[in-house]
Amino acid sequence: MISFGLWNVLIIITVAWFLNRNWRLDCDKKAWQDSLFLKHPSIQKLIRFFSKPIVNFICQAVLVLVITRFLCHTGWLVYDLTHRFDPPYWDFKWFYVASKLAHQHLSPFNVEVFNKGFCSITKVCGLIPSFVYPPNIIPAIWFLGYFPIKTAFTIWTFLHPIATGFVLWGANILLESQSRAFRTICSISVVLLYGFVFDLQVGNVATFIAMLLLWMFILARKNRDLPAGLLLGIALFKPTLVILFIPYFIIKKRFYLVCVSIITAIFLALFGLAISGNSLTGFLQDAMRGFPLWLNDPSNNPYISMSRIDLRVVGPRFFPDGPFVAKLFSDLVILVLVCLVSWYFYQKQSRTAWSKNIDLPEMVLVSCLSIAINYSQPTSSVMLAPAVVFLLNDLCFQIKHCVFSGKRMSIWLFGVGCLLVQTAVIHGGLLVFLGKRWNWKGGELPYWLKVTVFSLPSYAVLGITLSVLILAITSVGQKQVAEFDRSP
């Protein structure tokens with residue numbers, strides 16, 4: 001039996017070998033040698049600093065150790081989750097109970113039915129938060145009901161790394177650089193987003209949503225509206241993260257894609273209602289009863305929850321004793337953000353004669369708005385995978401075609417800093433560690449921590465959105481000049 005310490009050594013050696021083999025510019029090397037961006041005095045000083053042997057060694061060692069720590073933690077997590085006698089009290093049990101009830105032609109959307117079923121199936125009884133997903137999720141989780149809970153949880157756990165692999169594949173397709181170094185950085189940066197690990201840990205569906213939307217976007221860019229619409233329609237079983245893509249494609253005049261997605265979602269919803277022994281009116285009545293109960297759960301209530309990362313919680317954290325002012329403040333922040341993004345879309349569409357073509361910055365902005373506007377837990381940060389690709393593409397473009405701009409680089413670094421807040425290193429390490437020191441569900445968390453440290457993920461979502469918006473606006477003119485310079 002190989003000891004855990006030896007496994008660590010083997011993983012460190014493997015990671016170091018992999019990074020050394022893939023840390024190459026390949027076809028981008030000549031462009032970097034001729035880059036005016038890299039010849040700027042500030043960048044030259046930075047290059048000389050990081051070229052020092054001791055600095056170079058420390059940077060490489062830190063990178064190797066961070067990746068090794070992540071791989072060890074993820075591997076241990078998968079092993080631990082799949083070898084437990086009983087799945088943990090997390091999101092998976094809601095999906096499993098809903099599937100089991102649907103197999104019995106019972107409505108999981110009914111509060112009493114779901115509570116009784118949850119108690120009898122999982123042996124966890126008491127006041128259980130309602131099942132508030134739309135009925136089109138039932139076909140997606142139907143297969144879980146065929147297996148015992150332990151087997152179903154094992155299958156569910158292994159599906160997450162597979163979905164993450166598809167996300168990495170899609171991210172590398174969208175990455176404009178062909179160099180191994182950039183592709184390695186892209187893959188590492190995406191998987192370090194806290195949402196992927198946390199989604200695996202709690203057994204949520206956010207990773208599957210990120211996979212469906214990323215490949216929907218890839219297919220839509222190739223004008224393959226039928227499969228793209230099918231993927232979007234399937235993903236609508238988590239509308240909080242997906243619904244904004246419908247008006248986006250309407251603005252883009254991709255009506256066929258929108259129709260396919262809506263028809264797919266309606267078909268899955270009606271099918272889900274039929275196989276769960278429910279009706280549309282019955283579902284609506286159950287949803288109207290269940291949603292307020294679910295929202296008042298400490299993990300979801302904006303006045304109590306410390307895990308939510310959307311902007312709806314900013315007002316309640318600043319003004320916990322003034323509900324009207326709290327809601328007004330959150331709505332005002334969201335309204336300003338939506339207006340800025342809408343203005344960008346309008347300007348972009350006006351400049352391109354309302355083109356049907358879709359761009360990566362647009363997808364990133366819609367994804368960020370989906371997190372910011374609607375209810376979002378840490379799992380939702382998987383939606384930031386396109387933002388990682390956008391920032392890397394922007395950096396690559398600047399290096400190849402532009403001169404160094406201190407102001408623009410500051411905006412780019414600000415976006416990178418906001419993304420770092422959403423990684424497993426900061427969010428999963430610092431915030432989770434601090435959260436265990438106070439009984440936040442009992443209201444013991446100090447006010448100053450609520451509005452500073454524990455609100456960092458929400459501020460980061462706002463910061464990423466603004467950073468991408470500014471970079472997208474300023475890059476339009478740069479790309480037009482670059483295309484003119486390349487033309488014969």
Side-chain angles (χ1 to χ4, degrees), residues 14-15 17-19 21-28 67 70-71 74-75 77-78 140 155-200 204-235 237-238 241-242 245 257 261 358-364 366-368 370 379-397 419 422-424:
T14 303
V15 170
W17 172 82
F18 175 81
L19 290 176
R21 187 173 183 272
N22 289 277
W23 211 257
R24 302 188 310 190
L25 291 173
D26 298 327
C27 56
D28 288 343
I67 297 173
F70 171 80
L71 291 175
T74 306
L77 187 62
V78 172
I155 296 172
W156 193 252
T157 299
F158 279 114
L159 285 176
H160 278 77
I162 294 173
T164 302
F166 275 98
V167 172
L168 292 179
W169 184 12
N172 278 274
I173 289 175
L174 295 176
L175 190 66
E176 294 175 358
S177 174
Q178 300 300 314
S179 72
R180 291 188 182 184
F182 262 79
R183 294 191 175 278
T184 302
I185 293 171
C186 177
S187 299
I188 293 172
S189 302
V190 168
V191 296
L192 282 179
L193 290 171
Y194 182 53
F196 287 102
V197 176
F198 191 66
D199 197 61
L200 169 67
N204 202 277
V205 294
T207 302
F208 306 127
I209 297 298
M211 176 192 68
L212 291 169
L213 290 179
L214 198 59
W215 282 92
M216 175 274 297
F217 177 77
I218 292 170
L219 292 171
R221 285 219 306 184
K222 298 178 180 179
N223 294 315
R224 298 177 63 182
D225 286 359
L226 177 59
L230 289 172
L231 293 180
L232 181 59
I234 295 171
F237 67 71
K238 196 172 179 69
L241 294 181
V242 181
F245 283 93
L257 189 156
S261 64
I358 57 177
D359 298 321
L360 182 59
E362 298 170 349
M363 184 197 180
V364 175
V366 176
S367 298
C368 289
S370 299
T379 55
S380 301
S381 64
V382 297
M383 295 284 288
L384 296 175
V388 174
V389 180
F390 169 79
L391 289 175
L392 287 174
N393 282 347
D394 186 81
L395 177 62
C396 187
F397 180 85
L419 274 178
Q422 302 290 0
T423 61

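Worth saying up front: this structure is predicted, and the values here are computed from it rather than measured. Below, each value reflects all heavy atoms present in this structure, side chains not excepted, and no hydrogens, waters or symmetry copies.
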For this session: Determine whether Phe182 and Glu176 make a side-chain contact, defined as any pair of heavy atoms from C-beta on separated by less than 4.5 Å.
Result: no

Exercise. What closest approach, in Å, do Met363 and Pro386 show between heavy atoms, and which atom pair accounts for it?
Worked result: CE-CG, 3.9 Å

Exercise. Under the side-chain contact (heavy atoms from CB on, under 4.5 Å) criterion, do Phe198 and Asn204 qualify, and how do the steps go?
Worked result: CA-CA 8 Å; Phe198 191 66; Asn204 202 277; over 6 Å; no

Problem set entry | Heavy-atom closest contact (Val190 atom, Ala385 atom, distance) | CG1-CB, 4.0 Å

Exercise. Considering only heavy atoms from C-beta outward, does the side chain of Leu392 approach that of Ser177 to under 4.5 Å?
Worked result: no

Exercise. With a 4.5 Å limit on heavy-atom distance, are the side chains of Ile188 and Ile67 in contact?
Worked result: yes

Exercise. Is the closest side-chain heavy-atom distance between Asn393 and Leu175 below 4.5 Å?
Worked result: yes

For this session: Work out which heavy atom in Thr184 is nearest to a heavy atom in Phe18; give both atom names and the distance.
Result: CG2-CE2, 4.0 Å

For this session: Would you check, one step at a time, whether the test side-chain contact (heavy atoms from CB on, under 4.5 Å) holds for Val78 with Phe158?
Result: CA-CA 8 Å; Val78 172; Phe158 279 114; 4.0 Å; yes

Exercise. Do Asn172 side-chain atoms and Leu168 backbone N/O form a donor-acceptor pair below 3.5 Å?
Worked result: yes

Problem set entry | Closest contact, heavy atoms only, Ala171 versus Leu214 | N-CD2, 3.6 Å

Seminar exercise, completed: So CG of Leu213 and CZ of Phe245: to nearest 0.5 Å the spacing works out to 5.0 Å

For this session: Please examine the side chains of Phe208 and Leu159, heavy atoms only from C-beta on, and report whether any two atoms are closer than 4.5 Å.
Result: yes

For this session: Could you check if a side-chain atom of Trp169 sits within less than 4.5 angstrom of a side-chain atom of Trp215, using non-hydrogen atoms only?
Result: yes

Exercise. Can you tell me how far the CG atom of Asp225 sits from the CG atom of Leu257, to the nearest 0.5 Å?
Worked result: 4.5 Å

Problem set entry | Within-4.5 Å side-chain heavy-atom neighbours: Leu200 and Thr207 | no

Exercise. Rounded to the nearest 0.5 Å, how far apart are CZ of Arg224 and CG of Leu231?
Worked result: 10.0 Å

For this session: Over all heavy atoms of both residues, which pair between Val382 and Gly195 is shortest? Give the atoms and the distance, please.
Result: CG1-C, 3.4 Å

Exercise. So how far is it from Lys238 NZ to Ser370 OG, rounded to the nearest 0.5 Å?
Worked result: 12.0 Å

For this session: Calculate, to the nearest 0.5 Å, the distance between atoms CD1 and CD1 belonging to Ile173 and Ile218 respectively.
Result: 4.5 Å

For this session: Measure the shortest side-chain to side-chain distance between Ser381 and Phe196 over non-hydrogen atoms and say whether it is less than 4.5 angstrom.
Result: no

Exercise. For the residue pair Leu384 and Leu193, what are the closest heavy atoms and their distance?
Worked result: C-CD1, 3.9 Å

Exercise. Can you tell me how far CD1 of Ile358 sits from CZ of Phe217, rounded to the nearest 0.5 angstrom?
Worked result: 4.5 Å

